[in-house]
Engineer: 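Before I ask anything, let me first share the structure, which is written out below as C-alpha coordinates.
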Amino acid sequence: MISLTRRSLLASASAALVIPALPRVARAATMPVLFAGPATAQIAPDGNDLTDVWAYGSESSAGTIPGPEIRVRAGERVQRRLSNGLPQPTAVHWHGIRIDNAMDGAAGLTQDPVQPGDTFDYDFIAPDPGTYWYHSHDRSWEQVARGLAGPLIVEEAEPWTGQEGAATREMTVMLTDWRLEASGAIEEASFGDIRDWAHGGRLGNVVTVNGRSDAELEVNAGERLRLRLINAATARIMPLRIEGHDATLIALDGHPVAPRATEQIVLAPAQRADIVIDCTGKPGSTAALMVDAGRNQWVQVAALAYSDTAPVPAIEGPVRPLPMTMDHALDLKNAQREEIVMEGGAMGSMRGARLNGVESDFRQLVAAKRAWAFNGIAGDMENPAFRAPRGRTVHVTLRNDTSWPHGIHLHGHHFEILTRNGQPDAYRDRRDTVFVAPEEVVEIAFNADNPGKWLLHCHMLGHQVAGMRTWFEVG
Ligand code: C2O
Ligand code: CU
(Lines give C-alpha, C1' and ligand atoms only; values in the text may rest on other atoms or scores of the structure.)
(Ligands and ions follow the chains in the order given, each with its own letter.)
Protein backbone atom coordinates (compact mmCIF):
# COMPACT_ATOMS: atom_id res chain seq x y z
CA MET A 1 0.00 0.00 0.00
CA ILE A 2 2.99 2.27 -0.41
CA SER A 3 2.69 4.60 -3.35
CA LEU A 4 5.49 5.81 -5.54
CA THR A 5 7.44 8.66 -4.11
CA ARG A 6 7.82 11.88 -6.02
CA ARG A 7 11.50 11.10 -6.30
CA SER A 8 11.08 7.77 -7.98
CA LEU A 9 8.47 9.27 -10.31
CA LEU A 10 10.89 11.99 -11.32
CA ALA A 11 13.68 9.49 -11.73
CA SER A 12 11.67 7.22 -14.01
CA ALA A 13 10.32 10.17 -16.00
CA SER A 14 13.76 11.56 -16.67
CA ALA A 15 15.13 8.12 -17.50
CA ALA A 16 12.45 7.65 -20.13
CA LEU A 17 13.02 11.04 -21.71
CA VAL A 18 16.81 10.94 -21.35
CA ILE A 19 16.86 14.43 -19.93
CA PRO A 20 20.32 15.51 -18.83
CA ALA A 21 20.72 15.73 -15.05
CA LEU A 22 21.19 19.48 -15.06
CA PRO A 23 17.74 20.57 -13.85
CA ARG A 24 17.93 18.24 -10.89
CA VAL A 25 21.36 19.47 -9.95
CA ALA A 26 20.25 23.09 -10.23
CA ARG A 27 17.30 22.32 -8.01
CA ALA A 28 19.50 20.51 -5.54
CA ALA A 29 21.67 23.56 -5.12
CA THR A 30 18.79 25.85 -4.25
CA MET A 31 16.46 23.79 -2.10
CA PRO A 32 16.93 24.72 1.55
CA VAL A 33 17.57 21.81 3.89
CA LEU A 34 15.35 20.91 6.80
CA PHE A 35 17.59 18.75 8.92
CA ALA A 36 15.99 16.44 11.49
CA GLY A 37 18.42 15.24 14.11
CA PRO A 38 19.52 15.16 17.73
CA ALA A 39 20.05 18.52 19.42
CA THR A 40 19.94 20.02 22.89
CA ALA A 41 17.56 22.65 24.21
CA GLN A 42 16.92 24.52 27.43
CA ILE A 43 13.52 23.02 28.15
CA ALA A 44 13.65 23.12 31.94
CA PRO A 45 14.08 26.65 33.39
CA ASP A 46 17.50 28.34 33.26
CA GLY A 47 19.96 26.79 35.70
CA ASN A 48 18.76 23.28 34.89
CA ASP A 49 20.53 20.94 32.53
CA LEU A 50 19.92 21.06 28.82
CA THR A 51 17.57 18.42 27.44
CA ASP A 52 18.52 16.07 24.63
CA VAL A 53 15.81 16.48 22.00
CA TRP A 54 15.19 15.69 18.35
CA ALA A 55 14.77 18.90 16.43
CA TYR A 56 14.52 20.52 13.03
CA GLY A 57 17.31 22.79 11.88
CA SER A 58 18.90 23.82 8.63
CA GLU A 59 21.98 22.53 6.90
CA SER A 60 24.12 25.08 8.67
CA SER A 61 22.47 25.41 12.05
CA ALA A 62 21.57 22.92 14.74
CA GLY A 63 17.99 22.07 15.39
CA THR A 64 15.88 24.33 17.58
CA ILE A 65 12.71 23.94 19.66
CA PRO A 66 10.40 24.73 18.00
CA GLY A 67 11.79 24.11 14.51
CA PRO A 68 12.60 27.13 12.35
CA GLU A 69 9.52 29.15 11.41
CA ILE A 70 8.72 28.73 7.73
CA ARG A 71 6.94 31.81 6.38
CA VAL A 72 5.54 32.40 2.90
CA ARG A 73 2.78 34.44 1.30
CA ALA A 74 -0.41 32.70 0.19
CA GLY A 75 0.12 31.12 -3.22
CA GLU A 76 3.87 30.87 -2.78
CA ARG A 77 5.93 27.75 -2.93
CA VAL A 78 7.53 25.95 0.00
CA GLN A 79 10.59 23.88 -0.78
CA ARG A 80 12.52 21.94 1.80
CA ARG A 81 14.87 18.99 1.45
CA LEU A 82 14.26 16.85 4.51
CA SER A 83 17.56 15.36 5.56
CA ASN A 84 17.20 12.58 8.11
CA GLY A 85 19.84 12.63 10.82
CA LEU A 86 17.69 10.63 13.23
CA PRO A 87 18.30 7.04 14.31
CA GLN A 88 14.91 6.05 12.82
CA PRO A 89 12.88 6.72 9.64
CA THR A 90 10.85 9.90 9.45
CA ALA A 91 8.66 12.10 7.22
CA VAL A 92 7.30 15.65 7.47
CA HIS A 93 3.61 16.51 7.39
CA TRP A 94 2.56 20.09 6.61
CA HIS A 95 -0.44 20.21 8.86
CA GLY A 96 -3.54 21.89 7.48
CA ILE A 97 -2.13 22.75 4.06
CA ARG A 98 -4.37 21.77 1.15
CA ILE A 99 -1.39 20.15 -0.43
CA ASP A 100 -0.44 17.99 -3.39
CA ASN A 101 -0.99 14.44 -2.10
CA ALA A 102 2.56 13.31 -2.87
CA MET A 103 3.89 16.04 -0.57
CA ASP A 104 1.63 15.29 2.41
CA GLY A 105 4.29 13.41 4.36
CA ALA A 106 2.00 10.64 5.59
CA ALA A 107 4.63 7.91 5.83
CA GLY A 108 3.26 4.60 4.57
CA LEU A 109 0.35 6.19 2.69
CA THR A 110 1.68 9.02 0.53
CA GLN A 111 5.39 8.27 0.65
CA ASP A 112 7.91 5.77 1.93
CA PRO A 113 9.43 6.71 5.26
CA VAL A 114 12.74 8.53 4.79
CA GLN A 115 15.49 6.28 6.13
CA PRO A 116 18.30 7.55 8.37
CA GLY A 117 20.85 9.31 6.17
CA ASP A 118 18.37 9.77 3.32
CA THR A 119 16.61 12.86 2.00
CA PHE A 120 13.22 13.69 0.56
CA ASP A 121 12.34 16.83 -1.38
CA TYR A 122 9.15 18.55 -0.33
CA ASP A 123 7.96 21.06 -2.89
CA PHE A 124 4.43 22.46 -2.76
CA ILE A 125 2.25 25.55 -2.99
CA ALA A 126 0.67 26.92 0.18
CA PRO A 127 -2.67 28.12 -1.22
CA ASP A 128 -4.43 29.53 1.85
CA PRO A 129 -3.24 32.17 4.29
CA GLY A 130 -3.22 31.15 7.93
CA THR A 131 -1.41 29.67 10.88
CA TYR A 132 -0.18 26.14 10.18
CA TRP A 133 2.58 23.93 11.43
CA TYR A 134 4.77 21.06 10.35
CA HIS A 135 5.66 17.96 12.28
CA SER A 136 6.98 14.44 11.97
CA HIS A 137 4.46 11.94 10.61
CA ASP A 138 6.30 8.69 11.31
CA ARG A 139 6.26 7.37 14.87
CA SER A 140 4.86 10.81 15.55
CA TRP A 141 3.85 9.82 19.09
CA GLU A 142 7.57 9.64 19.84
CA GLN A 143 9.11 12.02 17.30
CA VAL A 144 6.79 14.94 18.00
CA ALA A 145 7.14 14.36 21.76
CA ARG A 146 10.91 14.58 21.31
CA GLY A 147 10.60 17.94 19.57
CA LEU A 148 10.05 17.47 15.82
CA ALA A 149 7.59 20.30 15.11
CA GLY A 150 7.72 23.89 13.92
CA PRO A 151 5.44 26.74 12.79
CA LEU A 152 4.42 27.23 9.16
CA ILE A 153 2.96 30.69 8.64
CA VAL A 154 1.19 31.60 5.41
CA GLU A 155 0.70 35.35 5.25
CA GLU A 156 -2.24 37.03 3.55
CA ALA A 157 -1.48 37.88 -0.07
CA GLU A 158 -2.23 41.53 0.79
CA PRO A 159 -0.71 42.27 4.19
CA TRP A 160 -3.44 42.55 6.84
CA THR A 161 -1.17 43.77 9.62
CA GLY A 162 -1.04 47.54 9.61
CA GLN A 163 -4.40 48.07 7.90
CA GLU A 164 -7.04 50.11 9.68
CA GLY A 165 -8.33 48.22 12.73
CA ALA A 166 -5.92 45.35 12.15
CA ALA A 167 -3.03 44.34 14.37
CA THR A 168 0.11 46.44 14.40
CA ARG A 169 2.34 43.43 14.97
CA GLU A 170 2.12 39.67 15.22
CA MET A 171 3.76 36.92 17.16
CA THR A 172 3.84 33.13 16.83
CA VAL A 173 3.12 31.30 20.07
CA MET A 174 3.76 27.58 19.80
CA LEU A 175 2.81 25.58 22.85
CA THR A 176 3.73 22.02 23.69
CA ASP A 177 4.39 19.85 26.68
CA TRP A 178 7.20 17.51 27.71
CA ARG A 179 7.44 14.59 30.07
CA LEU A 180 10.75 15.22 31.81
CA GLU A 181 12.62 13.42 34.53
CA ALA A 182 13.99 15.36 37.49
CA SER A 183 17.32 15.59 35.66
CA GLY A 184 15.64 17.43 32.80
CA ALA A 185 16.01 14.47 30.43
CA ILE A 186 13.04 13.30 28.41
CA GLU A 187 11.35 10.44 30.23
CA GLU A 188 11.69 7.59 27.73
CA ALA A 189 10.33 4.59 29.59
CA SER A 190 6.74 5.59 28.81
CA PHE A 191 7.20 5.81 25.04
CA GLY A 192 4.93 3.15 23.67
CA ASP A 193 3.09 2.61 26.96
CA ILE A 194 -0.37 1.33 26.13
CA ARG A 195 -1.75 2.58 29.46
CA ASP A 196 -1.14 6.19 28.45
CA TRP A 197 -2.51 5.51 24.99
CA ALA A 198 -5.69 3.94 26.37
CA HIS A 199 -6.28 7.03 28.53
CA GLY A 200 -5.71 10.66 27.61
CA GLY A 201 -2.34 10.01 25.96
CA ARG A 202 1.20 10.64 27.16
CA LEU A 203 0.79 13.96 28.90
CA GLY A 204 3.83 16.01 29.80
CA ASN A 205 4.73 17.65 33.09
CA VAL A 206 6.32 20.79 31.65
CA VAL A 207 4.64 23.17 29.19
CA THR A 208 6.79 25.29 26.93
CA VAL A 209 5.96 28.33 24.85
CA ASN A 210 8.24 28.76 21.85
CA GLY A 211 10.53 26.19 23.42
CA ARG A 212 10.90 27.84 26.83
CA SER A 213 9.24 26.93 30.10
CA ASP A 214 9.83 30.50 31.31
CA ALA A 215 9.08 32.35 28.07
CA GLU A 216 8.73 36.11 28.08
CA LEU A 217 6.86 37.50 25.11
CA GLU A 218 7.90 41.10 24.79
CA VAL A 219 5.10 43.54 24.01
CA ASN A 220 4.75 47.30 23.87
CA ALA A 221 2.01 49.27 25.59
CA GLY A 222 -0.63 50.38 23.10
CA GLU A 223 0.01 47.79 20.41
CA ARG A 224 -2.73 45.71 18.89
CA LEU A 225 -1.15 42.28 18.69
CA ARG A 226 -2.05 39.22 16.64
CA LEU A 227 -1.06 36.04 18.41
CA ARG A 228 -0.82 32.90 16.33
CA LEU A 229 -1.45 30.17 18.89
CA ILE A 230 -0.46 26.61 17.98
CA ASN A 231 -0.93 23.53 20.16
CA ALA A 232 1.87 21.16 19.16
CA ALA A 233 1.43 18.81 22.14
CA THR A 234 0.93 15.12 21.43
CA ALA A 235 -1.98 14.76 23.85
CA ARG A 236 -2.63 17.80 26.02
CA ILE A 237 -5.75 19.84 25.44
CA MET A 238 -4.92 23.43 26.26
CA PRO A 239 -7.51 25.89 27.53
CA LEU A 240 -5.73 29.27 27.38
CA ARG A 241 -6.26 32.79 28.59
CA ILE A 242 -4.24 35.93 29.14
CA GLU A 243 -4.54 37.62 32.48
CA GLY A 244 -6.08 41.09 32.27
CA HIS A 245 -6.50 41.06 28.49
CA ASP A 246 -9.60 40.52 26.38
CA ALA A 247 -9.01 38.47 23.30
CA THR A 248 -10.76 38.69 19.95
CA LEU A 249 -10.75 35.48 17.95
CA ILE A 250 -10.03 36.09 14.25
CA ALA A 251 -9.09 32.68 12.85
CA LEU A 252 -9.29 28.97 13.66
CA ASP A 253 -6.94 26.45 12.06
CA GLY A 254 -5.98 29.17 9.60
CA HIS A 255 -9.54 30.08 8.64
CA PRO A 256 -10.78 33.61 9.19
CA VAL A 257 -13.83 33.87 11.46
CA ALA A 258 -15.99 36.94 12.00
CA PRO A 259 -14.12 38.54 14.91
CA ARG A 260 -15.64 37.50 18.21
CA ALA A 261 -14.74 38.25 21.80
CA THR A 262 -13.56 35.22 23.69
CA GLU A 263 -12.59 34.73 27.31
CA GLN A 264 -10.68 31.56 26.80
CA ILE A 265 -9.45 29.57 23.84
CA VAL A 266 -9.45 25.78 23.97
CA LEU A 267 -6.93 24.16 21.68
CA ALA A 268 -6.93 20.42 21.17
CA PRO A 269 -3.64 18.98 19.92
CA ALA A 270 -2.84 20.35 16.43
CA GLN A 271 -5.45 23.10 16.59
CA ARG A 272 -4.56 26.74 16.05
CA ALA A 273 -6.26 29.98 16.89
CA ASP A 274 -5.36 33.51 15.87
CA ILE A 275 -6.37 36.06 18.45
CA VAL A 276 -5.96 39.81 18.71
CA ILE A 277 -5.25 41.54 22.00
CA ASP A 278 -4.95 45.22 22.77
CA CYS A 279 -1.90 45.73 24.95
CA THR A 280 -3.51 47.83 27.65
CA GLY A 281 -0.90 47.10 30.35
CA LYS A 282 1.61 49.63 31.64
CA PRO A 283 5.21 49.78 30.43
CA GLY A 284 7.30 47.50 32.62
CA SER A 285 4.36 45.37 33.75
CA THR A 286 3.75 41.69 33.04
CA ALA A 287 0.68 39.55 32.41
CA ALA A 288 0.46 35.79 32.60
CA LEU A 289 -0.40 33.50 29.70
CA MET A 290 -2.25 30.75 31.52
CA VAL A 291 -3.10 27.15 30.69
CA ASP A 292 -5.67 25.09 32.55
CA ALA A 293 -3.60 22.13 33.69
CA GLY A 294 -6.79 20.20 34.44
CA ARG A 295 -9.81 20.66 36.68
CA ASN A 296 -9.64 24.42 36.48
CA GLN A 297 -6.11 24.71 37.78
CA TRP A 298 -4.72 27.60 35.82
CA VAL A 299 -0.95 27.83 35.68
CA GLN A 300 1.27 30.44 34.09
CA VAL A 301 3.16 29.09 31.08
CA ALA A 302 4.61 32.36 29.78
CA ALA A 303 4.54 36.08 30.53
CA LEU A 304 3.64 38.99 28.35
CA ALA A 305 6.44 41.33 29.35
CA TYR A 306 5.78 44.99 28.62
CA SER A 307 8.82 46.93 27.47
CA ASP A 308 9.71 50.17 29.19
CA THR A 309 9.14 52.22 26.06
CA ALA A 310 6.42 54.87 26.13
CA PRO A 311 3.02 53.59 24.97
CA VAL A 312 2.19 53.88 21.29
CA PRO A 313 -1.27 55.33 20.54
CA ALA A 314 -3.90 52.62 21.07
CA ILE A 315 -5.92 51.35 18.11
CA GLU A 316 -9.57 52.23 18.63
CA GLY A 317 -12.60 50.39 17.37
CA PRO A 318 -13.42 46.87 16.38
CA VAL A 319 -10.86 44.43 15.09
CA ARG A 320 -10.65 44.29 11.33
CA PRO A 321 -11.67 40.88 10.01
CA LEU A 322 -9.16 38.87 8.03
CA PRO A 323 -10.00 38.62 4.36
CA MET A 324 -12.23 35.63 3.59
CA THR A 325 -10.33 33.63 1.04
CA MET A 326 -11.74 30.17 0.62
CA ASP A 327 -15.02 29.32 -1.00
CA HIS A 328 -16.15 25.94 0.21
CA ALA A 329 -19.02 25.43 -2.20
CA LEU A 330 -20.63 22.69 -0.16
CA ASP A 331 -23.53 20.87 -1.77
CA LEU A 332 -25.11 19.44 1.36
CA LYS A 333 -28.29 18.25 -0.36
CA ASN A 334 -26.40 15.83 -2.56
CA ALA A 335 -23.68 15.02 -0.08
CA GLN A 336 -22.17 11.58 0.30
CA ARG A 337 -22.93 10.45 3.86
CA GLU A 338 -20.26 8.76 5.95
CA GLU A 339 -19.91 7.91 9.59
CA ILE A 340 -16.88 7.41 11.81
CA VAL A 341 -17.69 5.74 15.12
CA MET A 342 -14.96 6.02 17.75
CA GLU A 343 -14.75 3.22 20.26
CA GLY A 344 -12.38 1.92 22.88
CA GLY A 345 -10.08 3.31 25.50
CA ALA A 346 -10.15 2.92 29.24
CA MET A 347 -13.59 2.99 30.85
CA GLY A 348 -15.17 2.25 27.49
CA SER A 349 -17.49 -0.49 26.36
CA MET A 350 -15.54 -1.84 23.38
CA ARG A 351 -15.35 -5.63 23.62
CA GLY A 352 -13.24 -6.15 20.54
CA ALA A 353 -12.41 -4.94 17.06
CA ARG A 354 -10.91 -6.13 13.81
CA LEU A 355 -7.14 -6.28 13.87
CA ASN A 356 -5.27 -7.29 10.71
CA GLY A 357 -8.56 -8.62 9.39
CA VAL A 358 -9.28 -10.79 12.42
CA GLU A 359 -11.95 -10.19 15.07
CA SER A 360 -9.96 -9.73 18.26
CA ASP A 361 -11.04 -9.28 21.84
CA PHE A 362 -9.88 -6.39 23.98
CA ARG A 363 -7.10 -8.44 25.58
CA GLN A 364 -5.72 -9.40 22.16
CA LEU A 365 -5.94 -5.80 21.04
CA VAL A 366 -4.02 -4.56 24.07
CA ALA A 367 -1.35 -7.21 23.51
CA ALA A 368 -0.94 -5.73 20.01
CA LYS A 369 -0.85 -2.20 21.51
CA ARG A 370 -4.24 -1.23 20.16
CA ALA A 371 -6.89 0.25 22.39
CA TRP A 372 -9.15 2.15 19.99
CA ALA A 373 -11.13 1.58 16.83
CA PHE A 374 -12.85 3.51 14.08
CA ASN A 375 -15.93 1.68 12.79
CA GLY A 376 -14.85 -1.51 14.52
CA ILE A 377 -11.37 -1.58 12.99
CA ALA A 378 -8.36 -1.03 15.22
CA GLY A 379 -6.11 0.98 12.94
CA ASP A 380 -5.76 -1.38 9.97
CA MET A 381 -4.79 0.58 6.89
CA GLU A 382 -5.51 -1.90 4.05
CA ASN A 383 -8.79 -0.33 3.01
CA PRO A 384 -10.04 3.23 3.05
CA ALA A 385 -12.96 4.20 5.29
CA PHE A 386 -14.55 5.63 2.14
CA ARG A 387 -13.91 6.84 -1.37
CA ALA A 388 -15.38 9.99 -2.83
CA PRO A 389 -15.42 11.25 -6.39
CA ARG A 390 -13.52 14.47 -6.85
CA GLY A 391 -15.68 17.52 -6.19
CA ARG A 392 -18.30 15.69 -4.16
CA THR A 393 -19.45 17.12 -0.86
CA VAL A 394 -18.84 14.57 1.89
CA HIS A 395 -20.86 14.74 5.09
CA VAL A 396 -19.20 12.86 7.94
CA THR A 397 -20.82 12.08 11.26
CA LEU A 398 -18.15 11.74 13.93
CA ARG A 399 -19.62 9.72 16.79
CA ASN A 400 -17.55 9.53 19.95
CA ASP A 401 -18.63 6.39 21.79
CA THR A 402 -15.74 6.66 24.25
CA SER A 403 -15.14 8.27 27.63
CA TRP A 404 -12.37 10.47 26.26
CA PRO A 405 -12.18 13.61 24.15
CA HIS A 406 -10.54 13.38 20.75
CA GLY A 407 -9.20 15.84 18.20
CA ILE A 408 -10.05 14.49 14.78
CA HIS A 409 -7.94 15.66 11.84
CA LEU A 410 -8.54 15.27 8.10
CA HIS A 411 -5.59 15.59 5.79
CA GLY A 412 -5.65 17.64 2.61
CA HIS A 413 -9.03 19.29 3.19
CA HIS A 414 -10.79 21.75 5.43
CA PHE A 415 -14.27 21.06 6.71
CA GLU A 416 -17.18 22.96 8.12
CA ILE A 417 -18.69 22.05 11.49
CA LEU A 418 -22.42 21.59 10.92
CA THR A 419 -23.84 20.31 14.19
CA ARG A 420 -22.91 19.20 17.68
CA ASN A 421 -25.21 16.66 19.31
CA GLY A 422 -27.80 17.44 16.68
CA GLN A 423 -27.81 21.17 17.34
CA PRO A 424 -26.72 23.43 14.48
CA ASP A 425 -23.31 24.85 15.32
CA ALA A 426 -23.58 28.56 16.06
CA TYR A 427 -20.55 29.54 14.03
CA ARG A 428 -20.17 26.83 11.39
CA ASP A 429 -16.43 27.21 11.85
CA ARG A 430 -14.09 25.80 9.26
CA ARG A 431 -11.23 23.76 10.57
CA ASP A 432 -8.87 20.93 9.83
CA THR A 433 -9.03 19.47 13.34
CA VAL A 434 -12.18 19.22 15.44
CA PHE A 435 -12.56 18.62 19.15
CA VAL A 436 -15.09 15.89 19.91
CA ALA A 437 -16.04 15.55 23.58
CA PRO A 438 -16.84 12.20 25.24
CA GLU A 439 -20.17 10.84 23.96
CA GLU A 440 -20.48 13.76 21.56
CA VAL A 441 -21.67 13.53 17.95
CA VAL A 442 -20.26 16.12 15.55
CA GLU A 443 -21.31 16.45 11.93
CA ILE A 444 -18.85 17.95 9.49
CA ALA A 445 -18.83 18.42 5.73
CA PHE A 446 -16.14 19.10 3.21
CA ASN A 447 -15.66 19.43 -0.49
CA ALA A 448 -13.56 16.45 -1.59
CA ASP A 449 -11.68 18.47 -4.16
CA ASN A 450 -8.13 17.27 -3.53
CA PRO A 451 -7.32 13.98 -5.25
CA GLY A 452 -5.32 11.33 -3.44
CA LYS A 453 -5.17 9.22 -0.32
CA TRP A 454 -5.72 11.18 2.87
CA LEU A 455 -5.44 10.24 6.51
CA LEU A 456 -8.25 10.78 8.98
CA HIS A 457 -7.09 10.31 12.55
CA CYS A 458 -7.12 11.42 16.12
CA HIS A 459 -4.38 13.98 16.71
CA MET A 460 -3.76 12.66 20.17
CA LEU A 461 -0.83 10.81 18.73
CA GLY A 462 -0.93 7.89 21.15
CA HIS A 463 -4.57 7.35 20.22
CA GLN A 464 -3.65 7.48 16.54
CA VAL A 465 -1.01 4.74 16.79
CA ALA A 466 -3.25 2.68 19.08
CA GLY A 467 -6.04 2.43 16.52
CA MET A 468 -7.69 5.81 15.89
CA ARG A 469 -6.68 6.14 12.29
CA THR A 470 -8.04 5.45 8.85
CA TRP A 471 -7.90 7.06 5.42
CA PHE A 472 -10.11 8.07 2.55
CA GLU A 473 -9.50 8.41 -1.14
CA VAL A 474 -10.60 11.22 -3.41
CA GLY A 475 -10.74 10.94 -7.19
CU1 C2O B 1 -0.89 16.96 12.13
CU2 C2O B 1 -1.87 13.40 10.37
O3 C2O B 1 -1.33 15.16 11.26
CU1 CU C 1 -8.12 10.49 20.51
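All values below were derived from every heavy atom in this structure, side-chain atoms included, with hydrogens, water molecules and symmetry-related copies excluded. When a ligand or atom number is given, it counts from 1 through the structure's own listing order.
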Engineer: As a test of understanding, state which of His409, His459, His457, His95 forms a ring-ring contact (aromatic ring centres under 6.0 Å, His included) with His137.
Structural biologist: His457

Engineer: Please determine if Arg202 forms a cation-pi arrangement with Trp141, meaning its NZ or CZ atom is less than 6.0 Å from the six-membered ring centre and no more than 45° off the ring axis.
Structural biologist: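 No; the conditions do not both hold, so Arg202 does not lie above the ring face of Trp141.
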
Engineer: Decide whether Arg139 and Gln88 meet the rule of one side-chain donor and one side-chain acceptor closer than 3.5 Å.
Structural biologist: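 Their side chains do contain a donor-acceptor pair, which is all the 3.5 Å distance test asks for.
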
Engineer: Do Tyr134 and Tyr132 have their ring centres less than 6.0 Å from each other?
Structural biologist: no

Engineer: Test the Arg469-Trp372 pair against the cation-pi criterion, namely NZ or CZ under 6.0 angstrom from the six-membered ring centroid and within 45° of the ring axis.
Structural biologist: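 That pair does not qualify as a cation-pi contact.
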
Engineer: Could you please give the number of protein N/O/S atoms within less than 2.8 Å of atom 1 (Cu) of ligand 1?
Structural biologist: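 Protein N, O or S neighbours of atom 1 (Cu) of ligand 1 under 2.8 Å, waters not counted, come to 3.
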
Engineer: Is it true that Asp361 and Arg363 have a side-chain N and a carboxylate O under 4.0 angstrom from each other?
Structural biologist: yes

Engineer: Ignoring hydrogens and geometry, is there a side-chain-to-backbone donor-acceptor pair from Trp454 to Asn450 under 3.5 Å?
Structural biologist: yes

Engineer: Salt bridge check: are Asp196 and Arg179 linked by an N-O gap of less than 4.0 Å?
Structural biologist: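 Salt bridge present between Asp196 and Arg179.
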
Engineer: Would you please indicate yes or no on a ring centroid separation below 6.0 angstrom for His199 and Trp404?
Structural biologist: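 Between His199 and Trp404, which both carry aromatic rings, the centre distance is below 6.0 Å.
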
Engineer: If you leave out waters, which protein N, O or S atoms are less than 2.8 Å from the Cu ion (ligand 2)?
Structural biologist: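 Counting only protein N, O or S atoms under 2.8 Å from the Cu ion (ligand 2), the list reads His406 ND1, Cys458 SG, His463 ND1.
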
